Amino acid sequence: MVILKILAILLNVPHIFIKSYRWNFLLRLQNIHYRFTKSFFIYMSGLFFSFITPGRLGEFIKVLYLKFDKGINLSLGLTSVLLDRLFDLVLLIFLAFLGIWYLGILEIFFIQGFLSLSVIIVLFIILFDRESIEKTIRLLYNFSFVEKYKNHINEGFNDFYDAFYSLINLKLFYALVLTCLSYFVLVLQAYLLTIAIQEQISFMNVCFFMAISSLITFIPISISGLGTRDAILIYLFSIINIPKENAVVFSLLIFITFYVNGGLLGAICFNINPIKLEK
């Protein structure tokens, strides 16, 4: 069983490799060229900060790397980082809602699911409609403390939207394939951990469990999903009659495999390749 746990940890390498390659691909679509090793170190640094901040918000430190390494303004740098994260979020939303239906727990999550889906739809409408974004940004002008920043806000908006819109093309299908492939590796890691704790859970159930619990950890109320992931996994495991003790053990193994090991590797990468703020 120890071998399975070690194998699950080792699979972090292809999992992270695929996700960092996806970000490098999005950068190249914007004519921002990094050697893959360099972008890998930046991605890992972002991963480290995402693990120690609520809702993985620390991942946006990659924007600062783009600014100080390549002179890319923050609005332009934000587009690839935001889109990279949106791929994961959209896939998790799709699989989580599919899992809620498949597991027959729709009535329990109906209100939360309906509200979440409504918010997501509204956000996507705003994101892909320039006029809606402009109206949203204009609301900032009603606050006196941003009065002197009006020109900067307007310029930043134009840079962000133009860069984001230029990324929307058929080439993104390749990024979607990479997203699905990275998630498959993640589910495989989790599946190996279920075998390691001697529980027979189908690969499909593990897929849905990970999607639902991972989506919950996006809510910025805890560090690395501690507490929230445990609670949702205890409930999901109870559906298939697995005791909460095993659910807690599984959640702990998930934390060690993905967060502790990934975070340590990210910390090493950040120390090797810190942000050169002196520039």
Side-chain angles (χ1 to χ4, degrees), residues 2 5-89 175 178-179 181-183 185-186 189-190 193 214 217-229 251-279:
V2 175
K5 296 175 185 177
I6 296 174
L7 181 58
I9 292 174
L10 292 177
L11 283 174
N12 270 333
V13 176
H15 176 223
I16 297 173
F17 179 92
I18 295 169
K19 296 189 74 172
S20 59
Y21 182 78
R22 181 187 62 190
W23 183 57
N24 185 273
F25 171 74
L26 294 175
L27 289 176
R28 284 186 277 117
L29 287 182
Q30 293 184 297
N31 291 318
I32 302 173
H33 298 284
Y34 267 119
R35 297 191 313 273
F36 176 73
T37 51
K38 178 74 172 180
S39 63
F40 177 82
F41 271 78
I42 295 175
Y43 192 91
M44 287 305 305
S45 299
L47 199 63
F48 164 65
F49 282 97
S50 75
F51 288 162
I52 61 175
T53 52
R56 305 181 189 178
L57 296 176
E59 189 174 340
F60 287 93
I61 196 175
K62 291 182 287 190
V63 177
L64 297 180
Y65 274 101
L66 294 175
K67 177 176 177 59
F68 292 106
D69 283 353
K70 296 289 187 179
I72 306 297
N73 69 57
L74 296 178
S75 299
L76 179 59
L78 181 63
T79 54
S80 63
V81 178
L82 181 61
L83 190 59
D84 182 70
R85 191 166 188 187
L86 280 176
F87 272 106
D88 290 328
L89 184 59
L178 292 174
T179 303
L181 184 59
S182 68
Y183 188 74
V185 176
L186 181 145
Q189 291 175 270
L193 294 178
S214 297
T217 61
F218 267 90
I219 302 174
I221 57 176
S222 70
I223 305 299
S224 297
L226 289 172
T228 53
R229 180 180 53 256
S251 182
L252 179 61
L253 289 175
I254 290 293
F255 175 71
I256 294 173
T257 301
F258 295 105
Y259 294 89
V260 174
N261 288 280
L264 287 175
L265 181 57
I268 293 171
C269 289
F270 178 71
N271 279 280
I272 294 175
N273 181 49
I275 300 175
K276 296 179 175 60
L277 296 176
E278 66 272 11
K279 291 184 179 181

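Predicted, not measured: the structure shown is a model, and the values here were computed from it.
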(message) Once rounded to the nearest 0.5 Å, what's the spacing between atom CD1 of Ile42 and atom OG1 of Thr37?
(response) 9.5 Å
(request) Specify the closest pair of heavy atoms between Met44 and Cys269, including all atoms of both residues, with the distance to one decimal. (result) CB-SG, 3.6 Å
(message) One pair to check against side-chain contact (heavy atoms from CB on, under 4.5 Å): Ile61 and Phe48. What are the steps and the verdict?
(response) CA-CA 10 Å; Ile61 196 175; Phe48 164 65; over 6 Å; no
(request) For Leu11 and Val185, work out which heavy atoms get closest and say how close. (result) O-CG1, 3.6 Å
(request) Examine distances only and state if a side-chain atom of Asn261 and a backbone atom of Ile256 form a donor-acceptor pair shorter than 3.5 Å. (result) yes
(message) Within this structure, what is the OH-CZ distance for the pair Tyr21 and Arg28, rounded to the nearest 0.5 Å?
(response) 4.5 Å
(request) Would you mind reporting whether Leu47 and Lys19 have side-chain heavy atoms less than 4.5 Å apart? (result) no
(message) So, taking the atom named CG in Leu181 and the one named NE2 in His15, what distance separates them when rounded to the nearest 0.5 Å?
(response) 9.5 Å
(message) Between Leu83 and Gln30, is the side-chain contact (heavy atoms from CB on, under 4.5 Å) condition met? List the steps.
(response) CA-CA 12 Å; Leu83 190 59; Gln30 293 184 297; over 6 Å; no
(request) Mind listing the closest non-hydrogen atom pair of Ser251 and Arg229 along with its distance? (result) OG-NE, 3.5 Å
(request) Could you pull out the closest heavy-atom pair between Leu27 and Ser80, with the gap in Å? (result) CD2-OG, 3.4 Å
(message) Walk me through whether Val81 and Trp23 qualify under side-chain contact (heavy atoms from CB on, under 4.5 Å).
(response) CA-CA 7 Å; Val81 178; Trp23 183 57; 3.9 Å; yes
(message) Rounded at 0.5 Å granularity, tell me how far CG in Leu193 sits from CG in Leu7.
(response) 9.5 Å
(request) Carefully, step by step, assess Leu82 and Thr79 under the rule side-chain contact (heavy atoms from CB on, under 4.5 Å). (result) CA-CA 5 Å; Leu82 181 61; Thr79 54; 5.9 Å; no
(message) Is the shortest side-chain heavy-atom distance between Thr179 and Tyr183 below 4.5 Å?
(response) no
(request) Rounded to the nearest 0.5 Å, what's the gap from OH on Tyr259 to CG on Leu264? Could you check? (result) 14.5 Å
(request) Using the six-membered ring of Tyr34, assess whether NZ or CZ of Lys70 lies under 6.0 Å from its centre and within 45 degrees of the ring axis. (result) yes
(message) Nearest 0.5 angstrom please: Ile268 CD1 to Asn273 CG, how far?
(response) 13.5 Å
(message) Applying side-chain hydrogen bond (donor to acceptor under 3.5 Å, both in side chains), can you list everything that pairs with Ser182, at least two apart in sequence or on another chain?
(response) none
(message) Show the nearest heavy-atom pair for residues Ser39 and Asn24, with the distance to one decimal.
(response) OG-ND2, 2.9 Å
(message) Under the rule for side chain to side chain contact (heavy atoms under 4.5 Å, CB included), what residues qualify as partners of Ser20, not counting sequence neighbours?
(response) Phe36, Phe40, Tyr43
(message) Looking at every heavy atom in both Ala190 and Ile254, which two are closest together, and how far apart are they?
(response) CB-CD1, 4.1 Å
(message) With heavy-atom distances below 4.5 Å as the criterion, would you say the side chains of Lys38 and Asp69 are in contact?
(response) yes
